[in-house]
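Right, one structure below, let's go through it.
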Amino acid sequence: MATDKSLVSESKSSRRVYVPVADIYETEDLYCLKLEMPGATKDSIDITVENNELLIEGKSVLEDNAGRQIRYSEFSNMDYKRSFRIGNDIDSNKVEAKFEDGVLTLLLYKHEAVKPKKITINTAN
Amino acid sequence: MYTYNFFDDIMNLRDLFDDFFSRRTSYEPYREFPYVRIEEEGDKLIITSLMPGIKADDLDIEIIDDSLIISGEKKADYEEKAYLRKERFFGEFKKSIKLPFRISHDNIRADLKDGILTIHLEKSEDSKPRKIDIK
């Protein structure tokens, strides 16, 4: 009998790499990125800034499902990976990250030198 | 038990082509939000759902007959800023999931953590298998 069950369940439960969706906005001081990575945890996310590239990687840690039988599934176990090209205006030493409710928020601060500077005009009295 | 079905292979091939031609940026959005998984373990049923950015207060879970209804609102967290990219989805949603059997209304537990909703359900007494004695 052609019982390919092991093959079938293996291919269905294999991990897939997803590109997390992102919102990005810019202000005078920083860039803010919000990425949706449900199932990832604070410890499973790696953020690296190298050679003008920001790389975000994460693993989703779902509840252990050994001994369970999947009846229906609309998603696979996920790994997340997305990279962004960043300009010279970002200070790689000043990056803040927060992970809440499956949403990763990154604050990339700009170098002091590139921030707009207001010049006051001295009036000669 | 798994019985070999010729059409499974055809479906796999179709999925492969669909993936290739309509590659999405993410786990989005060829199914209705939110994406769910139903698992069975003995008399228990575990439903897992992806809910990034949703607070427990904005979520409603109901059981009507043998259907589980998840509804709620994902509130936009947009700020008055110059956006370079807007890829995330916000809004109200409602999804009804037909359960494979009736469930007990007493032992229901739902947890929301790191954007994952997990609902633990148990079979109701009358849908559990029952052995009948022959007299």
If we ignore hydrogens and angles and just use 3.5 Å, is the side chain of B:R88 paired with the main-chain N or O of A:V21 as donor and acceptor?
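No: the side chain of B:R88 does not pair with the backbone of A:V21.
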
Check whether A:D23 reaches the backbone of B:E87 with its side chain - one donor and one acceptor, N or O, closer than 3.5 Å.
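Checked: pair present.
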
With clusters defined by side-chain heavy atoms of hydrophobic residues (ILVMFWY) lying less than 4.5 Å apart, directly or transitively, does [Y] cluster with [X]?
X: A:L54; Y: A:V95; answer: yes
X: A:V103; Y: B:L117; answer: no
X: B:L84; Y: A:L104; answer: yes
X: B:I116; Y: B:F89; answer: yes
X: B:I69; Y: B:L59; answer: no

Residue pairs passing the salt bridge (Lys or Arg N to Asp or Glu O under 4.0 Å) test where at least one lies in residues 92-109 of chain A, sequence neighbours excluded
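Residue pairs with at least one partner in residues 92-109 of chain A: A:D101-B:K55.
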
In terms of heavy-atom pairs under 4.5 Å with chain A, which of [options] leads?
options: B:E79, B:K81, B:M51; answer: B:K81
options: B:L45, B:I47, B:T48; answer: B:T48
options: B:K113, B:E41, B:K44; answer: B:E41

Nearest heavy atoms of A:F75 and B:Y35, plus distance in Å
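Taking A:F75 first and B:Y35 second, the nearest heavy atoms are CE2-O, 3.6 Å.
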
Closest contact, heavy atoms only, A:R71 versus B:P100
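For A:R71 versus B:P100, the nearest heavy atoms are NH2-CB, 3.3 Å.
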
B:I38 side, atom CD1; A:R68 side, atom CZ - distance, nearest 0.5 Å:
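One finds 13.0 Å between CD1 of B:I38 and CZ of A:R68.
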
Quick one: what part of A:K34 sits under 4.5 Å from any heavy atom of chain B, side chain, backbone, both or neither?
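It is both, since atoms from each part get that close.
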
Tell me, for A:T41 versus chain B, whether the close heavy atoms (under 4.5 Å) come from the side chain, the backbone, both or neither.
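Both parts, backbone and side chain.
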
Please evaluate residues A:Y72 and B:I97 with respect to the criterion side-chain contact (heavy atoms from CB on, under 4.5 Å), reporting the C-alpha separation (whole Å), side-chain torsions for both, the decisive distance (0.1 Å), and the verdict.
CA-CA 10 Å; A:Y72 172 72; B:I97 304 154; 5.7 Å; no

